[in-house]
Amino acid sequence: GVIAVPVYPPRRNQHKNRVFSILDDSQAKFVITNQTLAAEFMDYTVIDIDSIDKEVVEKYRSFPVEQNKIAFLQYTSG
């Protein structure tokens, strides 16, 4: 029920405006990132991968990709 939007993380103000532009354009509901970058996304619900309980990780199951469904949304520089 979600569409992944992979984006390079912001570094020292590089890519920062681009990341926030993509978040706004894609109408992102949450951000999956690490603990170091979590503070950058205070206006979003953040899933901090460094804080995920190992029991939750062990229960992970993948979903099959359906041929006519969007698997992920890729933004390019063009």
Side-chain angles (χ1 to χ4, degrees):
V2 298
I3 299 173
V5 183
V7 180
Y8 282 108
R11 286 181 276 153
R12 296 185 184 150
N13 294 330
Q14 292 179 334
H15 307 292
K16 192 172 188 174
N17 290 337
R18 182 173 186 270
V19 169
F20 286 107
S21 177
I22 290 171
L23 289 169
D24 290 340
D25 186 68
S26 67
Q27 299 176 9
K29 303 295 184 225
F30 59 90
V31 174
I32 300 173
T33 189
N34 60 31
Q35 192 173 34
T36 303
L37 294 174
E40 295 282 338
F41 304 101
M42 291 188 300
D43 293 338
Y44 297 88
T45 299
V46 174
I47 298 172
D48 172 3
I49 61 171
D50 297 322
S51 300
I52 297 175
D53 189 327
K54 289 184 181 188
E55 289 182 23
V56 172
V57 172
E58 290 172 4
K59 292 179 183 178
Y60 170 80
R61 61 186 175 99
S62 62
F63 292 89
V65 176
E66 296 178 34
Q67 186 174 6
N68 295 320
K69 300 283 182 166
I70 298 172
F72 67 93
L73 182 59
Q74 182 175 354
Y75 283 79
T76 65
S77 61

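What you see below is based on every heavy atom in this structure, not just the backbone, and it leaves out hydrogens, waters and symmetry mates. Residue numbers count from 1 along this sequence. Quantities reported herein were computed from a predicted structural model and do not represent experimental measurements.
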Atom pair [atom1]/[atom2] of [X] and [Y] - distance to nearest 0.5 Å:
X: D24; Y: D43; atom1: CG; atom2: CG; result: 9.0 Å
X: I32; Y: I49; atom1: CD1; atom2: CD1; result: 8.5 Å
X: Y44; Y: L23; atom1: OH; atom2: CG; result: 4.5 Å

Under 4.5 Å between any side-chain heavy atoms of Y75 and V7, yes or no?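 Not touching, per the 4.5 Å side-chain cut-off.
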
Would you say Y8 and V5 are hydrophobically clustered, going by side-chain heavy atoms of ILVMFWY under 4.5 Å?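 As far as the 4.5 Å side-chain criterion goes, V5 and Y8 are not connected within one cluster.
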
State yes or no: do V2 and I52 share one hydrophobic cluster built from I, L, V, M, F, W and Y residues joined by side-chain heavy-atom distances below 4.5 Å, directly or via other members?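 Looking at the clustering, I52 is in the same group as V2.
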
Non-hydrogen atoms of [X] and [Y] that approach each other most closely:
X: I70; Y: I3; answer: CG2-CG2, 3.7 Å
X: F41; Y: V46; answer: O-CG2, 3.4 Å
X: P9; Y: L37; answer: CB-CD1, 3.4 Å

State whether the side chain of S21 and the backbone N or O of N17 hold a donor-acceptor pair below 3.5 Å, judged by distance alone.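 Not at all, since once roles are kept as given, no pair shorter than 3.5 Å links the two residues.
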
Residues in side chain to side chain contact (heavy atoms under 4.5 Å, CB included) contact with D50, at least two apart in sequence or another chain: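 Partners of D50 by the side chain to side chain contact (heavy atoms under 4.5 Å, CB included) criterion, ordered by chain and then number, come out as N34, Q35, D48.
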
